[in-house]
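This report refers to the structure that appears directly beneath it.
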Amino acid sequence: RITGELLFHVETINPVQCPAQVIGDRVLVADTGGYVYLLDRDGSVLWRYHAGGPIYRDPLIHGEQILIGTSTDLLVSLSIETGQWRWSFRPEEVLVRSELSVLGSSKPVVHEGKAYMGLSDGRVVCLDANNGLLQWELQLGKGRFLDVDTQPVITDEGLLVIGAYSGPLIAVDLATRARAWDIDNGVVGDLLYQYDRVYYTDGEGELHCLLAEDGHEEWTFKPKGSKELMNSPVGSGRTLMVSMYNGQMFAIDAFDGSVIWHHEPRKSLLGSGIPPTLAGRQILTLTGDGVVRSFRAPPGFYDTLDEEP
């Protein structure tokens, strides 16, 4: 991370589109052909498993299991230690021909023994995280792209917030399963929940900040004249990092939406379709042509959980 020196190199069977996961001194990798690999610290493959469908979202580590969602709406649970199958869930219905899918299912989230996941046909399902049995479901997605492919978040007040690609974005009270609020706007990428606020980007390249309690919109941000899409926001204390598909990067104040600083890449460098990775003031990005870039944020980058100004 400090020098950029290559420590090991592993050839996967298919291209990799989702981020790798660090589990202690091991690394979990999933490829677009559906293979999941657990690597040792030297890059040797400890085990490999085929999940049954293309994987575009990073798996979820929960306790001793790995939850893997595929673009075919299959959710598989594996043992971290052995890679053995524990359980799987596949919805009864699939997409009809008139519907289109972008990424398929979402990355799941687990809360109080339940796993919540969005599906490519517009549904949200609640499963028992121990055995994969369906507990309840609701229809969310609408329009041409029904996909509920954004990872849901759960607020401190027990609201499940989740959105579909073509909208809406809703909050569901997990105690009553009633809708607490909804917004008629689509969501691109994953949600971010911090400071009792929900942050998301939409299909118009705009960043939104909502109060988690009632969905009230506090502010929005969009670079002047920009037509580029934004990646999912990444939080670091009071600062939000958002990167554009053209390689631009903005540090945004999480409370008022003002720009703290802005990075404009050289025109020779390609942009990125994934959010940056933060480690203190170090920012790591992966460009569209496979180049990892590292740079240090300038003064004014808040990387601690300061009190609200």
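What you see below is based on every heavy atom in this structure, not just the backbone, and it leaves out hydrogens, waters and symmetry mates. In this chain, numbering begins with 1 at the start of the sequence shown.
At least one donor-acceptor pair under 3.5 Å links the side chain of Asp214 to the backbone N or O of His216. His263 contributes no side-chain N or O that, together with a main-chain N or O of Ala251, makes up a donor-acceptor pair within less than 3.5 Å. Under the 3.5 Å distance criterion, the side-chain polar atoms of Ser105 are left unmatched by any main-chain donor or acceptor of Leu119. The backbone N or O of Ile170 lies less than 3.5 Å from no partner atom in the side chain of Asp182, so there is not a single donor-acceptor pair. Side-chain atoms of Gln21 come within 3.5 Å of backbone N or O of Pro59 as a donor-acceptor pair. Between the side chain of Gln151 and the backbone N or O of Pro108 there is at least one donor-acceptor pair closer than 3.5 Å. In this structure, the side chain of Asp253 does not engage the main chain of Gly257 through any donor-acceptor pair within 3.5 Å. Although no hydrogens or angles enter the test, the distance criterion places a donor-acceptor pair under 3.5 Å between the side chain of Tyr199 and the main chain of Ala254. Under the 3.5 Å distance criterion, the side-chain polar atoms of Glu264 are left unmatched by any main-chain donor or acceptor of His262. In this structure, Gln139 contributes its side chain and Asp121 its backbone to a donor-acceptor pair below 3.5 Å.
Side-chain contact between Arg293 and Val291 is present, with at least one heavy-atom pair separated by less than 4.5 Å. For the pair Leu28/Ile66, a side-chain contact is recorded, criterion being any heavy-atom separation below 4.5 Å from C-beta on. Looking at heavy atoms from C-beta onward, Thr201 lies out of side-chain contact with Leu229 at the 4.5 angstrom threshold. With a 4.5 Å cut-off on side-chain heavy atoms, Gln65 and Ile80 do not count as touching. Using a 4.5 Å cut-off on side-chain heavy atoms (C-beta onward), Phe250 and Met241 make no contact. Between Val29 and Val16 the shortest side-chain heavy-atom distance falls below 4.5 Å. Between Asp196 and Leu211, every side-chain heavy-atom pair lies at or beyond the 4.5 Å cut-off. Between Ser88 and Val76 the shortest side-chain heavy-atom distance falls below 4.5 Å.
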Test side-chain contact (heavy atoms from CB on, under 4.5 Å) on Asp202 and Tyr165 and set out the steps. CA-CA 8 Å; Asp202 64 19; Tyr165 189 87; over 6 Å; no

Trace of the side-chain contact (heavy atoms from CB on, under 4.5 Å) decision for Asp42 with Phe8: CA-CA 6 Å; Asp42 60 359; Phe8 63 80; 5.7 Å; no

The test is ring-ring contact (aromatic ring centres under 6.0 Å, His included); show your working for Tyr195 and Phe255 and say whether it passes. CA-CA 9 Å; Tyr195 298 119; Phe255 294 103; 4.9 Å; yes

Please report the C-alpha distance between Val161 and Leu191 in whole Å, then the side-chain angles of each, then the deciding distance to 0.1 Å, and finally whether the side-chain contact (heavy atoms from CB on, under 4.5 Å) criterion is met. CA-CA 8 Å; Val161 184; Leu191 305 172; 3.9 Å; yes

Step-by-step side-chain contact (heavy atoms from CB on, under 4.5 Å) determination, Leu278 to Ile283: CA-CA 5 Å; Leu278 309 181; Ile283 302 173; 3.9 Å; yes

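Neither side chain, Thr239 nor Ser236, offers a donor N or O lying under 3.5 Å from an acceptor on the other. Side-chain atoms of Thr32 and Gln17 form no donor-acceptor pair, as typed in the model, at a separation below 3.5 Å.
Annotation for Glu217: atom CD counts as buried by contact number, over 12 foreign heavy atoms lying within 6.0 Å. More than 12 non-hydrogen atoms from other residues, nucleotides or ligands lie less than 6.0 angstrom from CD of Glu218.
One distance of note links CD1 of Ile252 with CZ of Arg238; it measures 13.0 Å at 0.5 Å rounding. A distance of 10.0 Å separates CG in Leu138 from SG in Cys126, rounded to the nearest 0.5 Å. A distance of 12.5 Å separates OG1 of Thr70 from CZ of Arg57, quoted to the nearest 0.5 Å. A distance of 8.0 Å separates CD in Glu64 from CZ in Arg86, rounded to the nearest 0.5 Å. Going from atom OG of Ser77 over to atom CH2 of Trp85 covers 9.0 Å, rounded to the nearest 0.5 Å. Rounded to the nearest 0.5 Å, atoms OG1 (Thr12) and CZ (Arg48) are 10.5 Å apart.
Salt bridge absent: Lys114 and Asp128 never bring a charged side-chain N and a carboxylate O closer than 4.0 Å. Ionic pairing of Arg26 and Glu81 is present here: one or more N-O contacts between side-chain nitrogen and carboxylate oxygen are shorter than 4.0 angstrom. Checked for salt-bridge contact, Asp73 and Arg90 miss the test: no charged N lies under 4.0 Å from a carboxylate O.
The heavy-atom pair separating Val110 from Ala129 by the smallest distance is CG1-CB, 4.2 Å. The two residues Gly52 and Leu74 make their nearest non-hydrogen contact at CA-CD2, 4.2 Å. Listed here is the closest heavy atom pair of Met230 and Glu206: SD-C, 4.3 Å. Closest approach of Gly189 and Ser232 over heavy atoms only: CA-OG, 3.2 Å. Minimum heavy-atom separation, Leu210 to Leu169: CD1-CD2, 3.6 Å. Annotation for Asp190 and Thr150: closest pair CA-OG1, 3.2 Å, computed over non-hydrogen atoms.
The cluster map of Ile, Leu, Val, Met, Phe, Trp and Tyr, joined by side-chain heavy atoms under 4.5 Å apart, puts Val109 and Met117 in different clusters. Linking Ile, Leu, Val, Met, Phe, Trp and Tyr residues whenever their side-chain heavy atoms come within less than 4.5 Å places Leu160 and Val148 in a single cluster. Tracing side-chain contacts under 4.5 Å through hydrophobic residues (I, L, V, M, F, W, Y), one never reaches Leu78 starting from Tyr37; they form parts of separate clusters. Linking Ile, Leu, Val, Met, Phe, Trp and Tyr residues whenever their side-chain heavy atoms come within less than 4.5 Å leaves Ile154 and Tyr193 in two separate clusters. Val198 is not connected to Ile162 by any chain of hydrophobic side-chain contacts under 4.5 Å among Ile, Leu, Val, Met, Phe, Trp and Tyr, and they are in different clusters.
Checking Val36, Ile55, Ile13 one by one against Asp31, the side-chain contact (heavy atoms from CB on, under 4.5 Å) holds for a single residue, Ile13. Of the residues listed (Pro223, Pro233, Pro276), the one engaging Val242 in a side-chain contact (heavy atoms from CB on, under 4.5 Å) is Pro233, and it is the only one.
Ring pair Trp261/Phe295 is perpendicular by interplanar angle, where above 60° counts as perpendicular and below 30° as parallel. Taking the six-membered ring where tryptophan is involved, the planes of His208 and Tyr200 are essentially parallel, since the angle between them stays under 30° and well short of 60°.
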